[in-house]
**Student:** 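Take a look at this one; I'll ask things after.
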Amino acid sequence: MYLVTNALSEQLGCQYPFWQAPLPFDLISADMSGRISAQGAHGIIRIAAHDTRDSLTAKIDAYRKHHAAPSFCFAHCLPQQPQGDKPDTFAAELLQTRLNTEPLTLQRGDHFLDLLDTAIAARPRAIGFAQGLPDRETLSLIREQGIFTFAIVGNLLEALSADDFGVDALVLQGMEAGGERSAFSNDLPHVEQTALSLLQQVRAYSNKPLIVWGDLTGAADIVAAIISGAQAVMLDRPFLACAENGLDDETRARVIHGSEYQSQISDQYTARPLRCLQHAFSDADEALLCGQENLFAAAFAQQPEARPLPVSISAIDDPQTLTHYLNHQAQHIRQMIA
């Protein structure tokens with residue numbers, strides 16, 4: 001039984017209108033994404049520019065331990081950077097010194113189209129894009145396979161562009177959401193706004209399903225988004241903090257209790273600025289390391305406790321286990337909409 005019946009939930013086969021945010025550095029592992037989908041929400045595997053076909057295949061295998069049909073979100077800056085990240089030996093040595101790691105393995109990711117072929121071969125439920133869109137022909141190829149498509153957008157003009165390109169759904173990321181700032185590569189002004197403000201604007205111009213990614217701390221926020229016109233919500237903190245995700249106790253406590261006073265947007269780790277809790281690197285540190293996600297990923301594979309924690313602004317209640325969180329939210333939502 002669907003918690004909130006709508007065409008989007010039915011098409012994706014999701015009992016709950018909850019989408020998992022595609023966070024960097026395997027903070028939500030592919031195994032956890034599979035668990036999320038198996039429990040009736042929408043788990044998503046993030047594909048980074050430094051991923052290879054082998055690493056993506058390993059993620060798909062981990063996901064399929066729990067659910068047959070994966071979903072993907074590409075974090076490539078498209079279409080300007082279809083190739084994988086280029087290794088930077090000097091920057092790798094600098095980061096190795098800073099974090100006192102073993103020598104970092106420098107690996108260039110496979111071509112975007114090769115990764116896309118691997119994703120399509122997995123017969124996924126959905127393929128999305130977080131940093132702009134590929135060309136229309138590529139999107140048409142995906143949709144011809146019967147695969148649902150989505151784009152993460154941060155303003156009205158991006159939403160209209162994605163709608164015009166024919167994506168099936170729009171994820172509206174507000175300034176208060178965790179994760180990388182989604183942005184198309186163009187010269188248009190980027191106006192920071194909240195997710196619900198963006199929802200009010202986009203729903204007047206698009207009939208596509210809308211998913212809200214903002215600062216959603218509980219069932220009341222989720223109901224408010226759905227009443228306002230969203231078909232689903234994207235969540236970062238709750239899924240990140242569920243016990244099954246495997247964070248150590250100290251890191252998990254930071255994810256749950258970190259307040260807006262600890263939240264900041266950093267240019268350090270990924271190609272786009274990242275909203276995260278306070279971290280080891282200041283924006284002024286090591287300009288050569290800014291945006292070198294492939295190097296940070298290699299370092300964090302050795303020291304996962306050093307990863308930044310990309311979360312939305314407000315603290316949340318302890319979600320405990322994934323089953324507990326979903327059941328608890330569902331109970332409260334049913335009471336509110338009864």
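Here, residue 1 is the first one in the sequence, and each next residue gets the next number.
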**Student:** Can you run down the ring pair (Phe, Tyr, Trp, His ring centres under 6.0 Å) pairs that involve residues 149-171, sequence neighbours left out, and say none if there aren't any?
**Tutor:** W19-F150

**Student:** Measuring only between side-chain heavy atoms, which start at C-beta, is C73 closer than 4.5 Å to F129?
**Tutor:** no

**Student:** Which residue is it: H66, Q20, R125, H67? I am looking for the one with a side chain to side chain donor-acceptor pair (under 3.5 Å) to S37.
**Tutor:**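 Among the candidates, only R125 passes.
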
**Student:** Could you report the tightest heavy-atom contact between Y16 and A41, atom names first, then the distance?
**Tutor:** CD1-N, 4.1 Å

**Student:** Consider only side-chain heavy atoms of I, L, V, M, F, W and Y, link residues closer than 4.5 Å, and tell whether W213 and F148 are in one cluster.
**Tutor:** yes

**Student:** What's the shortest heavy-atom distance between A230 and V212, and which atoms?
**Tutor:** CB-CG2, 3.7 Å

**Student:** Group every Ile, Leu, Val, Met, Phe, Trp and Tyr by side-chain heavy-atom contacts under 4.5 Å, then state whether L240 and I313 land in the same group.
**Tutor:**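 Cluster IDs for L240 and I313 differ.
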
**Student:** Does K65 reach the main-chain N or O of G34 with its side chain, forming a donor-acceptor pair under 3.5 Å?
**Tutor:** no

**Student:** Main chain of G166, side chain of R143: is a donor-acceptor contact present, judged purely on distance under 3.5 Å?
**Tutor:**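 Pair found, side chain donor or acceptor close to backbone of G166.
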
**Student:** Counting only heavy atoms not in R136 (residues, nucleotides, ligands), do more than 12 fall under 6.0 Å from its CZ?
**Tutor:**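 Correct, the count exceeds 12.
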
**Student:** Quick one: closest heavy-atom pair of G218 and Q329, and the distance?
**Tutor:**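 Looks like C-OE1, 3.5 Å.
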
**Student:** CD1 of I265 to CZ of R181: how many Å apart, nearest 0.5 Å?
**Tutor:** 5.0 Å

**Student:** Sub-3.5 Å donor-acceptor pair from the side chain of R307 to the main-chain atoms of F25, do we have one?
**Tutor:**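 Yes.
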
**Student:** Under the criterion side-chain contact (heavy atoms from CB on, under 4.5 Å), I'd like the reasoning laid out for H76 against I47: C-alpha separation, chi angles, the key distance, then a yes or no.
**Tutor:** CA-CA 8 Å; H76 295 63; I47 304 177; 4.1 Å; yes

**Student:** Hey, does the side chain of R272 reach the backbone of A183 with a donor-acceptor pair shorter than 3.5 angstrom?
**Tutor:** yes

**Student:** Can you tell me if S9 and N6 form a side-chain donor-acceptor pair at under 3.5 Å?
**Tutor:**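 Yes, N6 and S9 have a side-chain donor paired with an acceptor closer than 3.5 Å.
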
**Student:** Without swapping roles, check the side chain of Q262 against the backbone of S259 for a donor-acceptor pair under 3.5 Å.
**Tutor:** yes

**Student:** For the residue pair Q193 and Q201, confirm or rule out a side-chain donor-acceptor distance under 3.5 Å.
**Tutor:** yes

**Student:** Identify the two heavy atoms, one from L170 and one from A159, that lie closest to each other, and give their separation to 0.1 Å.
**Tutor:** CD1-O, 3.9 Å

**Student:** Under the 3.5 angstrom rule, does the side chain of Q331 hit a backbone N or O of N327 as a donor-acceptor pair?
**Tutor:**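 No; zero donor-acceptor contacts below 3.5 Å.
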
**Student:** For residues N245 and S29, report the shortest heavy-atom separation together with the two atoms involved.
**Tutor:**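 The answer is OD1-N, 3.7 Å.
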
**Student:** Around N207, counting heavy atoms of other residues, nucleotides and ligands shown, do more than 12 lie under 6.0 Å from its CG?
**Tutor:**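 It does not: N207 CG has 12 such atoms or fewer within range.
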
**Student:** Are D249 and R254 within salt-bridge range, i.e. N to O under 4.0 Å?
**Tutor:**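 The answer is no: the pair does not qualify as a salt bridge.
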
**Student:** Quick test of your reading: applying salt bridge (charged side-chain N to carboxylate O under 4.0 Å, His left out), list the pairs with at least one residue in residues 30-56, sequence neighbours left out, ordered by first then second residue.
**Tutor:**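 Every pair satisfying salt bridge (charged side-chain N to carboxylate O under 4.0 Å, His left out) with a residue in residues 30-56: D31-R35, R46-E180, R46-E293, D51-K59, R53-D110.
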
**Student:** Quick check on E102: does its CD atom have over 12 non-hydrogen neighbours (other residues, nucleotides or ligands) under 6.0 Å away?
**Tutor:** no

**Student:** Using the salt bridge (charged side-chain N to carboxylate O under 4.0 Å, His left out) rule, collect all pairs that involve residues 309-322, keeping only residues at least two apart or in two chains.
**Tutor:** R252-D318

**Student:** Do H324 and C242 make a side-chain contact, defined as non-hydrogen atoms from C-beta onward lying under 4.5 Å apart?
**Tutor:** no

**Student:** Verify, without hydrogens or angle tests, whether Q39 (side chain) and T323 (backbone) share a donor-acceptor contact under 3.5 angstrom.
**Tutor:**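 Side chain of Q39 to backbone of T323, a donor-acceptor pair under 3.5 Å: no, none is there.
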
**Student:** Relative to each other, are the rings of Y269 and F296 parallel, tilted or perpendicular (30° and 60° limits)?
**Tutor:** perpendicular

**Student:** Step through the shown structure and confirm whether more than 12 heavy atoms of other residues, nucleotides or ligands are within 6.0 Å of CD on E250.
**Tutor:** no

**Student:** Is there a donor-acceptor pair closer than 3.5 Å between any side-chain N or O of Q231 and the backbone N or O of G229?
**Tutor:**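 A pair under 3.5 Å: yes.
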
**Student:** Of the non-hydrogen atoms in I142 and I120, which two are nearest, and what is the gap between them?
**Tutor:**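 Closest pair (atom of I142, atom of I120, distance): CG1-CD1, 4.2 Å.
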
**Student:** Same hydrophobic cluster for M175 and Y261, using side-chain heavy-atom links shorter than 4.5 Å among ILVMFWY?
**Tutor:** no

